[in-house]
2 protein chains.
Amino acid sequence: MADTTLRDIADELNVDISTVSKALNDHPKISDTTKLRVTKAAKELNYHQNKIAAALVKGASNLIGVMVPQTDEMFFSSIIRGIEEVVKNSGYNIIILQSNDQIEDEIENINILFQTKVDGILVSHAMETQQFDHYRQIIDRDIPFIFVDRYNTSLDTGVVAIDDFKGAYKAVSHLIDQGCRRIAHIAGRKHVHIYKERFRGYKQALQDHDLSFRDDMVVESNLKLEAGRTIARKFLKMDPRPDALFAAGDRVAMGAIQELKKQNISIPSEMALVGFSNEDFCSFVTPTLTSIDQHSRKMGQKSAKLLVEQLSNDENKKISQKTLLNPELIIRESSLQSQSGENNETF
Amino acid sequence: MADTTLRDIADELNVDISTVSKALNDHPKISDTTKLRVTKAAKELNYHQNKIAAALVKGASNLIGVMVPQTDEMFFSSIIRGIEEVVKNSGYNIIILQSNDQIEDEIENINILFQTKVDGILVSHAMETQQFDHYRQIIDRDIPFIFVDRYNTSLDTGVVAIDDFKGAYKAVSHLIDQGCRRIAHIAGRKHVHIYKERFRGYKQALQDHDLSFRDDMVVESNLKLEAGRTIARKFLKMDPRPDALFAAGDRVAMGAIQELKKQNISIPSEMALVGFSNEDFCSFVTPTLTSIDQHSRKMGQKSAKLLVEQLSNDENKKISQKTLLNPELIIRESSLQSQSGENNETF
DNA sequence: TTGAAAGCGTTACCAA
DNA sequence: TTGGTAACGCTTTCAA
């Protein structure tokens with residue numbers, strides 16, 4: 001059954017097709033009576049606007065491209081949720097692309113976005129991306145474009161992320177407050193800006209509390225679970241060994257917990273632990289894991305809002321604004337020296 | 001900077017626009033030399049096909065609509081991942097819509113999908129949907145359409161899900177094997193087909209092992225964490241109390257674990273536990289949680305494959321096939337009476 | 001207030 | 001093998 005078109009409605013009502021179009025779009029110069037007749041007929045014929053045709057003539061697809069490394073990482077899926085919520089209410093839809101954390105896929109995806117003629121783009125870039133020329137094309141084409149979370153400073157685009165420096169700073173300061181003095185850091189890849197920031201926050205917190213920074217107390221990793229196990233083993237062999245671990249991710253922290261438990265190291269008294277991201281499971285594990293909440297859903301919402309705003313801006317004035325959300329330290333058992341069971345305060 | 005069009009390439013090369021189109025589409029009747037010239041010019045001018053225009057004339061958008069309750073639930077985000085992988089390799093893209101488990105959003109989303117002229121639709125329906133007329137429109141319009149996981153039997157569509165009956169049966173049989181005799185069930189909403197199936201599997205397993213079924217051993221719930229706590233409290237008050245809990249979801253099982261631990265009930269010796277979905281955190285909690293793996297990513301892949309297949313089928317022969325994947329019991333500490341630490345076998 | 005017609009960028013058919 | 005042209009369904013400008 002072929003879809004109803006404007007033509008069908010026009011024929012039905014013996015008016016011109018352009019009249020129908022205008023009536024449906026609530027054009028001011030169409031009489032209320034015709035508007036009524038048209039909307040009625042449209043409903044009867046079960047008409048749905050063909051957005052493809054409209055997009056072609058208007059030069060705007062009402063599509064927003066969203067690219068993340070993978071949809072099935074809690075952090076990204078919740079960003080996506082936030083984006084979808086906002087975007088839909090503004091009449092846009094999102095098309096989702098995954099980079100699988102690989103630059104080749106990223107490049108290919110960007111081409112797809114060009115073909116799809118998306119009106120705007122939201123990206124969290126691949127872990128292994130160190131060279132951002134393919135993103136430059138987006139800017140050259142004047143497509144509104146905002147980085148979410150993982151961003152690159154060399155490009156003049158909008159950015160929505162959390163203040164990773166501050167998050168790390170809060171985490172480490174908290175550990176120091178709890179009496180920890182030899183705090184090690186499980187870092188992410190140092191070419192990724194956000195991980196660099198977390199590392200910087202770690203160092204700064206140490207310095208501000210007159211603790212010395214030591215190179216051998218920092219290990220770079222891919223932040224996966226298995227890495228946490230290995231790295232924990234490594235730290236346990238040190239003498240004196242660290243009395244706390246600040247991990248740049250929850251999964252890698254989880255791996256460390258597993259290893260510590262296996263070796264019967266008590267958490268937090270022998271070694272305290274703070275993760276980063278505040279994934280669901282932080283409150284499920286034993287001991288529950290202190291972490292930094294990144295407000296991922298809000299991050300998605302904010303980036304989408306900014307983008308939509310930019311899109312509705314007549315004078316295509318580029319918003320190359322950087323928005324850093326405030327990270328939140330969620331204190332749980334893994335770092336609380338003064339034990340008090342089900343603690344769960346927020347700072 | 002306006003995008004390059006076929007016209008630009010044609011002008012550049014002094015050939016007709018239709019020649020360019022054919023050359024780019026590798027049409028057999030175009031000489032290799034012109035193909036070469038055209039592709040070269042296209043690259044130089046940085047041409048990207050306008051899929052919107054192509055979609056309009058071809059009557060196919062190359063878009064596949066995906067609707068899930070929420071993207072930020074592990075299970076759905078991993079379905080989405082699977083879908084995206086398959087679909088991209090077939091030249092399609094996905095647009096994502098969330099129903100927020102509400103029927104109003106569902107109806108609105110379906111209208112959006114009509115407007116976007118998606119070529120096919122993949123849906124996991126909202127928890128609260130009990131009336132499926134809005135889905136019937138999709139069928140009436142001959143849009144290929146497959147249910148993923150949450151499906152309805154009254155509609156003649158394709159279905160990809162796991163065999164929930166079998167999953168529940170495996171879970172309960174396993175508990176019985178472990179010596180449990182009073183097995184309670186935390187069920188999902190009984191109007192949702194998959195939860196009905198899990199309930200059926202539970203009953204059947206009891207019956208096949210000569211255990212009697214009791215109404216008061218089953219509680220229906222929304223499967224959220226908090227519900228798990230409440231329901232566990234309720235079961236703990238029974239006399240004699242259950243020696244095992246089979247939950248239709250991991251989160252609700254998690255809530256139960258929390259309550260049991262709080263009341264110092266030892267797991268699994270005093271009460272064994274099996275969840276459903278095998279979420280990440282199952283292997284993180286203490287004790288690790290036995291669960292049923294649903295192969296969600298594979299589910300996404302399978303449904304996408306089926307849909308794409310159907311789309312490329314010239315004679316629009318509808319695939320109203322039902323594919324049930326085999327659920328996998330992942331045995332962990334929460335149900336293993338013979339304790340052996342880090343057990344993690346697969347059946 | 002309504003109608004006619006051009007045009008968005010492609011594809012596909014028929015003619016050359 | 002290539003060119004011309006209609007058509008996809010809609011919006012928009014100008015004329016009536």
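Treat the numbers as computed from the prediction; the structure is a model and nothing was measured. Here is the naming used below: chain letters follow the sequence lines, and residue numbers restart at 1 for every chain.
You'll find that the side chain of A/V57 is closest to D/dC10, out of C/dT10, D/dG3, D/dC10. Among D/dG9, C/dT11, D/dT1, the nucleotide with an atom closest to any side-chain atom of B/Q49 is C/dT11. The side chain of A/A54 has D/dC10 as its nearest neighbour among C/dT2, D/dC10, D/dT2.
Across the interface with DNA chain D, nearest-nucleotide mapping of B/I30 and B/K58 shows B/I30 to be the residue nearer the 5′ end. Closest-nucleotide positions on DNA chain C for A/K22 and B/N50 were compared, and the one nearer the 5' end corresponds to A/K22.
Remark: P of D/dA7 and CD1 of B/I52 are 23 Å apart, rounded to the nearest angstrom. Across the protein-nucleic acid pair, B/R7 atom CZ and C/dT11 atom P stand 14 Å apart, rounded to whole Å. Per the geometry, CG belonging to A/L24 stands 8 Å off P belonging to D/dT11, to the nearest Å. Here D/dG3 presents its P atom at 12 Å from CG of B/D11, a figure rounded to the nearest Å. Here the C1' atom of nucleotide C/dG9 and the NE2 atom of B/H48 are 15 Å apart, to the nearest Å. If you take CG of A/L56 and P of C/dT10, they are 9 Å apart, rounded to a whole angstrom. B/Q115 has its CD atom 16 Å from the P atom of D/dG9, to the nearest Å. Straight-line distance from the CG atom of B/D16 to the P atom of C/dA15: 16 Å, rounded to whole Å.
At distances below 3.5 Å, at least one donor-acceptor pair connects side-chain atoms of B/D119 with backbone N or O atoms of B/S61.
B/S18 comes within 4.0 angstrom of a nucleotide base, judged by non-hydrogen atoms across all strands. Contact annotation for B/I17: base contact, defined as any heavy-atom pair under 4.0 Å involving a base atom.
An OP1 or OP2 oxygen of D/dG9 is reached within less than 4.0 angstrom by no side-chain nitrogen or oxygen of A/Y47. Between B/S31 and the phosphate of D/dT1, there is no side-chain N or O to OP1/OP2 separation shorter than 4.0 Å. Dashed line: the shortest gap from a side-chain N or O of B/S21 to OP1 or OP2 of C/dA12 is not under 4.0 Å.
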Pair B/E309, B/K305 - check salt bridge (charged side-chain N to carboxylate O under 4.0 Å, His left out), show working.
CA-CA 6 Å; B/E309 204 173 284; B/K305 254 180 225 152; over 6 Å; no
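Expressed to the nearest 0.5 Å, how far CG of B/L311 lies from CD1 of B/I143 amounts to 10.5 Å.
Taking the six-membered ring for Trp and thresholds of 30 and 60 degrees, A/F145 and A/Y135 have nearly parallel ring planes, at less than 30 degrees apart.
Partner A/H125 forms a ring pair (Phe, Tyr, Trp, His ring centres under 6.0 Å) with one of A/Y151, A/F132, A/F76 and no other, that one being A/F132.
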